[in-house]
Amino acid sequence: MCSSDLRSNILLARRQYPVRLDYTPIAVRFIAPAWRDNFYAGEVAGELKFDLKFQLDPAELAKAVVDWRLADNADRTITEGQLAQPEVLQTISAPLPELKPGEYTFTVTVKNADSRITGELKRVIRKLSPVPSELRLDADKVPLWQNQPILLYGWWNMDKGLDPMEKRPTDTSEYNFNMFYPIPVHFKNSGEAPIRKFLDGIHARGEKVFIYPYPDPAMSGRSQAMLPLTQPEATAIADFVTRFKDHPALAAWYLADEPELVPWLPERLRAIHHIVAQADPHHPTIIVNDTIDGIVKYADCADILMPDPYPCFLAGGYASSPIERVSQFAAVARETGQGCWITPQGFNYGDFGTLNNRMPNLVELRNMQYQAVAMGATAICFWSYSYAWKYPECAIGGPFLAREAKLLKKLILSPRKRTPLPFTGVAKDKFIAVYAENIDGADYILAINCAPREITPKITLPAGAAKEWHVDTEQRAV
């Protein structure tokens with residue numbers, strides 16, 4: 001990459017980056033195992049299921065023979081198969097015997113009409129032993145704690161107040177908050193003992209945190225974020241993750257905050273994600289994105305995309321950006337195939353010097369929460385408790401919304417059960433209506449008004465749907 005003077009064409013600056021170009025005629029996507037190519041303890045691993053995609057000339061592919069095989073570390077075959085005249089994309093399924101914990105090698109080989117190998121792919125599949133602190137994702141990207149769905153709900157920065165002299169509740173267990181991001185772990189504490197003591201206190205309260213995997217905060221700083229990951233950095237990250245991966249307070253590893261605004265080098269983030277996933281296969285990784293372009297750009301750099309689409313609420317008015325951007329961001333995050341958590345605005349930009357801004361009111365907090373749920377977000381963490389707890393919308397409204405979310409836990413943790421409902425009477429971008437049928441015997445409708453005024457849409461329900469519906473927490477029916 002070079003820069004030169006437009007008039008004289010004199011070279012002013014030059015920077016070189018290593019580039020690696022890989023081509024493979026074969027791509028595989030595992031369906032079972034469902035996450036990170038791992039079979040986890042507690043799940044039934046009775047099937048190997050995968051998609052194969054070939055990037056070969058159609059005439060060459062028509063004459064090819066494809067062999068696939070799963071073998072243990074002693075090269076004993078567990079299951080295998082062959083495809084004659086394979087299609088460009090096809091799904092394959094085979095029964096599996098019970099696997100013992102360990103590593104298994106999955107191999108796909110493509111041979112031409114002369115039996116010459118024209119392409120080969122190898123992947124490692126792991127059968128993992130049980131880990132008490134495990135918090136993983138299932139096939140629908142729903143978080144599981146001890147193999148059971150868990151609703152993670154909370155606020156960022158619940159570990160400090162806006163002013164150190166302010167007194168605020170330190171025990172938030174009665175609020176039904178169970179997850180947050182702690183500033184001290186990354187920016188203040190140093191050494192293993194202080195971090196472990198901090199995490200012990202979190203666990204004692206029954207809460208979980210997502211933390212950076214960086215032993216040195218500079219690793220996520222602007223200057224290093226734009227550079228390829230070095231081997232010493234990779235080793236240090238793996239060591240840090242290994243030291244804390246078994247702590248029961250850990251929910252996930254937080255890789256980057258709004259990387260598109262730096263911008264982070266995507267290859268660096270992908271490398272960090274891979275290192276963390278290898279060192280700790282039992283906890284997901286997270287990235288927070290500030291733009292839809294950023295969601296798409298960094299989609300393969302983490303297990304969970306957790307966008308923060310802030311409308312920026314205005315004093316004496318509505319917001320500088322439409323509130324429906326929350327659902328727009330969440331929808332794009334889900335479309336990437338990764339997990340989607342959400343970071344709604346729970347603060348006043350005026351506290352940072354922005355003129356004519358305000359804290360969102362309870363109606364707006366609730367609106368953002370259920371926009372995300374309607375699009376399939378499975379965890380909610382408002383930003384930011386340390387700045388917002390002084391507002392009644394947070395101190396009173398926050399616990400109310402947490403209790404309501406707890407009541408709707410089964411709905412929130414069933415992200416695939418979302419059927420858009422047709423409606424009339426309001427612009428399509430100002431109203432959301434989805435139907436969730438038969439979640440543990442109950443049907444749900446999520447109806448969210450994104451217009452800055454009262455609306456009266458008419459929703460068309462599926463045939464056979466109930467005629468009267470109970471409105472949760474509002475003690476009324478429609």
Side-chain angles (χ1 to χ4, degrees), residues 19-41 43-128 136-141 266-267 270-271 273-275 277-278 281 284-285 296 299-303 334-339 416:
V19 176
R20 188 184 69 188
L21 299 177
D22 291 327
Y23 166 74
T24 176
I26 314 163
V28 62
R29 182 183 73 90
F30 288 109
I31 302 169
W35 186 53
R36 286 185 172 174
D37 300 356
N38 298 325
F39 286 112
Y40 288 85
E43 67 175 342
V44 178
E47 177 187 34
L48 178 68
K49 188 174 183 180
F50 52 94
D51 287 337
L52 278 181
K53 185 176 182 179
F54 300 97
Q55 302 181 69
L56 295 167
D57 179 83
E60 182 182 355
L61 183 62
K63 300 175 183 178
V65 174
V66 176
D67 293 300
W68 61 266
R69 177 175 180 255
L70 183 69
D72 63 16
N73 56 8
D75 202 34
R76 293 182 293 247
T77 299
I78 304 299
T79 184
E80 62 184 342
Q82 187 176 85
L83 303 174
Q85 297 181 329
E87 299 176 1
V88 172
L89 176 65
Q90 58 192 100
T91 302
I92 299 166
S93 177
L96 273 183
E98 183 176 350
L99 299 177
K100 296 180 180 179
E103 290 190 349
Y104 298 81
T105 302
F106 176 80
T107 306
V108 181
T109 305
V110 181
K111 297 179 181 178
N112 63 12
D114 299 325
S115 298
R116 181 171 58 87
I117 295 177
T118 58
E120 187 174 64
L121 175 147
K122 288 183 182 288
R123 288 269 286 272
V124 172
I125 291 176
R126 292 185 287 185
K127 169 66 182 209
L128 300 177
R136 61 180 176 89
L137 304 182
D138 70 5
D140 293 335
K141 304 302 188 291
E267 183 59 32
R270 289 190 200 100
H273 166 60
H274 178 74
I275 289 165
Q278 289 298 307
T285 58
V296 175
D300 62 347
C301 297
D303 299 305
R334 282 292 297 187
E335 287 168 4
T336 67
Q338 306 292 54
R416 289 195 182 274

Roughly how far, to the nearest 0.5 Å, is the [atom2] atom of [Y] from the [atom1] atom of [X]?
X      : Y     : atom1 : atom2 : value
Lys127 : Leu96 : NZ    : CG    : 10.0 Å
Leu70  : Leu99 : CG    : CG    : 7.0 Å
Ile92  : Leu48 : CD1   : CG    : 9.0 Å

Residues two or more places apart in sequence or in another chain: which of them pass side chain to side chain contact (heavy atoms under 4.5 Å, CB included) with [X]?
X      : value
Ile31  : Arg29, Lys49, Asp51, Thr91
Asp303 : Trp35, Arg36, Leu137, His273, Pro284, Thr285
Pro86  : Phe54, Leu61, Val66, Leu83, Gln90
Asp138 : Asp140, Val142, Leu144

Pro97 side chain near Ile78 side chain, heavy-atom distance below 4.5 Å: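 A side-chain contact under 4.5 Å exists here.
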Close side-chain approach of Glu43 and Leu128, heavy atoms under 4.5 Å: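 A side-chain contact under 4.5 Å is absent here.
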Test side chain to side chain donor-acceptor pair (under 3.5 Å) applied to Arg126 - qualifying residues, sequence neighbours left out: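 Residues passing side chain to side chain donor-acceptor pair (under 3.5 Å) with Arg126: Asn38.
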Residues forming a ring pair (Phe, Tyr, Trp, His ring centres under 6.0 Å) with Phe106, sequence neighbours excluded: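 Result, ring pair (Phe, Tyr, Trp, His ring centres under 6.0 Å) vs Phe106: Phe30, Phe50.
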Who pairs with [X] by salt bridge (Lys or Arg N to Asp or Glu O under 4.0 Å), at least two apart in sequence or on another chain?
X      : result
Arg116 : none
Asp114 : none
Arg270 : Glu267, Asp300

Using every non-hydrogen atom in the two residues, find where [X] and [Y] come nearest and quote the distance to one decimal.
X      : Y      : answer
Phe39  : Glu47  : CZ-O, 3.6 Å
Ile26  : Leu121 : O-CD1, 3.4 Å
Gly119 : Pro25  : CA-CG, 3.8 Å

Residue pairs passing the side-chain hydrogen bond (donor to acceptor under 3.5 Å, both in side chains) test where at least one lies in residues 55-67, sequence neighbours excluded: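 As it turns out, the side-chain hydrogen bond (donor to acceptor under 3.5 Å, both in side chains) pairs with a partner in residues 55-67, which skip direct neighbours, are Asp67-Gln82.
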All pairs passing side-chain hydrogen bond (donor to acceptor under 3.5 Å, both in side chains) where residues 94-108 contributes a residue, at least two apart: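 Residue pairs with at least one partner in residues 94-108: Thr107-Lys122.
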Any pair counted as salt bridge (charged side-chain N to carboxylate O under 4.0 Å, His left out), so long as it reaches residues 80-93, sequence neighbours left out: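 Passing the test, one end in residues 80-93: no pairs.
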